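One structure is given below, encoded as structure tokens.
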Amino acid sequence: MAKARGKFITFEGPEGSGKTTQARRLIDRLEQEGYEVLYTREPGGTPTGEAIRDILQHDKAGEPISPSAEVLLFAASRAQLVSRVILPALERGAWVVCDRFADSTTAYQGYGRGFEVEQMIAINQFAIDGAVPDITILLDVDLDEGFRRIGARHQEKSKPLDRIESEARSFHEKVRQGYLKLAERWPERFRLLDGMRDADTVSDEVWRMLQHELGV
Ligand code: Z5A
């Protein structure tokens with residue numbers, strides 16, 4: 001008998017909301033339960049995607065990126081990740097946990113930059129080829145807390161903020177509000193969690209929610 005398709009879980013949210021921390025913790029827990037799980041991230045996750053990430057975040061191409069080129073570069077990274085990594089893993093029965101996915105484009109380029117939201121959703125549909133997440137965990141934090149966490153990390157590693165992190169506060173506020181609108185639009189897929197709490201409390205809630213929703 002063919003193996004059941006794996007589950008696809010994405011983490012979304014503003015900077016410093018704890019996506020990477022929670023994605024890693026979830027993977028550890030799923031693996032302890034015997035699941036085959038793959039961690040991946042956007043932009044990136046494939047050699048092509050990681051090269052695009054360098055262009056997008058660190059101006060690797062050495063010229064300003066036009067806003068529409070930015071949309072399409074995120075979409076190109078996503079299309080490659082879906083076809084090379086995500087769909088093959090799901091089809092062989094593995095679970096996939098992705099740190100940001102298509103909703104990031106709708107939130108950042110749509111609500112944040114001001115591109116038409118429906119157009120971002122259409123571009124995403126083309127890029128994801130049917131790979132709609134089973135569950136999207138939206139970690140919500142206010143801007144002050146998110147930037148406090150990111151600032152502390154950058155100071156620790158002596159790294160400057162990247163291109164998108166350096167956007168104005170008003171941009172990041174629009175992104176946060178955009179995410180909340182997406183959670184209202186797709187309540188069957190989105191689970192909104194308060195990311196202001198300590199990491200242990202959040203990861204326990206993520207786990208309880210997945211036990212309830214997916215029977216892990
Ligand atoms: N972007 C876009 O515009 N369009 C798109 O389509 C896509 C992306 C896919 C990717 O950046 C950038 O690309 C992002 C959006 C844009 N830009 N911005 N700005 P990235 O991948 O480099 O970074 P990120 O996705 O924004 O994640 P992040 O900033 O690293 O944050 P995070 O993953 O949510 O948080 P974290 O790494 O788990 O934690 C950050 C720090 O806080 C760290 O020191 C932790 O130890 C600490 N932390 C975590 N959880 C807690 C709690 N609960 N309490 C206290 N401290 C905590």
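Keep in mind that what you see is a predicted model, and the values were worked out from it rather than measured. In each ligand, atom 1 is the first atom listed, and ligand 1 is the first ligand listed.
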Seminar exercise, completed: Ranked by distance from atom 23 (O) of ligand 1, the top protein heavy atom is Arg100 NE, 4.6 Å
Exercise. Going by atom types only, do Thr105 and Arg78 share a side-chain donor-acceptor pair under 3.5 Å?
Worked result: yes
Problem set entry | Gln22 heavy atom under 4.0 Å from ligand 1 | no
Exercise. Do Asp200 and Arg25 meet the salt-bridge criterion of a basic N to acidic O distance under 4.0 Å?
Worked result: yes
For this session: Check the hydrophobic clustering (I, L, V, M, F, W, Y; side-chain heavy atoms under 4.5 Å; chains of links allowed) and say if Ile164 and Phe147 are grouped together.
Result: no
For this session: Have a look at Glu70, Glu167, Arg153 and point out the one with the heavy atom closest to atom 30 (O) of ligand 1.
Result: Arg153
For this session: Please check if the side chain of Ser77 supplies one atom and the backbone of Leu73 the other of a donor-acceptor pair under 3.5 Å.
Result: no
Exercise. Quick one: does Gln57 get a heavy atom under 4.0 Å from ligand 1?
Worked result: yes
Problem set entry | SB check Asp142 Arg148 (cutoff 4.0 Å) | no
For this session: Identify, by atom number and element, the atoms of ligand 1 in contact range of Ala199, meaning under 4.0 Å from any of its heavy atoms.
Result: 52 (C), 53 (N)
Exercise. Ligand 1 versus Glu165, non-hydrogen atoms closer than 4.0 Å: side chain, backbone, both, neither?
Worked result: both
Exercise. Are Thr201 and Arg197 linked by a side-chain donor-acceptor pair shorter than 3.5 Å?
Worked result: no
Problem set entry | Minimum-distance protein heavy atom relative to atom 2 (C) of ligand 1 | Phe74 CZ, 3.2 Å
Problem set entry | Under 3.5 Å donor-acceptor, Arg149 side chain and Gly16 backbone | yes
Seminar exercise, completed: For atom 35 (O) of ligand 1, the closest protein heavy atom turns out to be Gly18 N, 3.3 Å
For this session: Work out whether the distance between some heavy atom of Met196 and some atom of ligand 1 is less than 4.0 Å.
Result: no
Seminar exercise, completed: At under 4.0 Å between heavy atoms, what of Arg78 touches ligand 1? The answer is side chain
For this session: Examine the proximity of ligand 1 to Arg163 and report which part, side chain or backbone, both or neither, has a heavy atom under 4.0 Å away.
Result: neither
For this session: Decide yes or no for Glu50 and Arg41: does some side-chain heavy atom of the first lie under 4.5 Å from some side-chain heavy atom of the second?
Result: yes
Exercise. What's the shortest distance from atom 19 (N) of ligand 1 to any protein heavy atom, and which residue and atom give it?
Worked result: Glu15 OE2, 2.5 Å
For this session: Provide the full list of ring-ring contact (aromatic ring centres under 6.0 Å, His included) pairs with a residue in residues 5-60, sequence neighbours left out, each pair given once.
Result: Phe8-Phe101, Tyr35-Trp95
Problem set entry | Atoms of ligand 1, numbered as shown, that sit under 4.0 Å from any heavy atom of Asp198 | 53 (N)
Problem set entry | Which of the ligand 1 atoms, numbered from 1, are nearer than 4.0 Å to a heavy atom of Gln109 | 2 (C), 3 (O), 4 (N), 5 (C), 6 (O)
Exercise. If you count the atoms of ligand 1 from 1 in the order shown, which ones are under 4.0 Å from a heavy atom of Ser17?
Worked result: 34 (O)
Exercise. Could an N or O of ligand 1 be found under 3.5 Å from any N or O of Tyr108, whether backbone or side chain?
Worked result: no
Exercise. Salt bridge (charged side-chain N to carboxylate O under 4.0 Å, His left out) with Glu213: which residues, sequence neighbours excluded?
Worked result: Arg191
Exercise. Got the closest protein heavy atom to atom 36 (P) of ligand 1, with its distance?
Worked result: Thr21 OG1, 3.6 Å
Exercise. Which of the listed options, Glu42, Arg53, His172, holds the heavy atom that is closest to atom 9 (C) of ligand 1?
Worked result: Glu42
Exercise. Any Lys/Arg nitrogen of Arg208 or Glu205 sitting under 4.0 Å from an Asp/Glu carboxylate oxygen of the other?
Worked result: no
Problem set entry | Heavy-atom nearest neighbour in the protein, as seen from atom 48 (N) of ligand 1, with distance rounded to 0.1 Å | Arg149 CD, 4.0 Å
Exercise. Does the salt bridge (Lys or Arg N to Asp or Glu O under 4.0 Å) test come out yes or no for Arg176 and Glu145, once each step is laid out?
Worked result: CA-CA 13 Å; Arg176 181 184 180 205; Glu145 175 62 10; over 6 Å; no
Exercise. Under 3.5 Å, is there a donor-acceptor pair linking the side chains of Asn124 and Thr106?
Worked result: yes
For this session: Just jot down the ligand 1 atoms closer than 4.0 angstrom to any heavy atom of Thr105, in number order.
Result: 5 (C), 6 (O)
For this session: For atom 34 (O) of ligand 1, find the nearest protein heavy atom and state the residue, atom name and distance (0.1 Å precision).
Result: Lys19 NZ, 2.6 Å
Exercise. To which protein heavy atom is atom 31 (O) of ligand 1 closest, and what is the distance rounded to 0.1 Å?
Worked result: Gly16 N, 3.2 Å
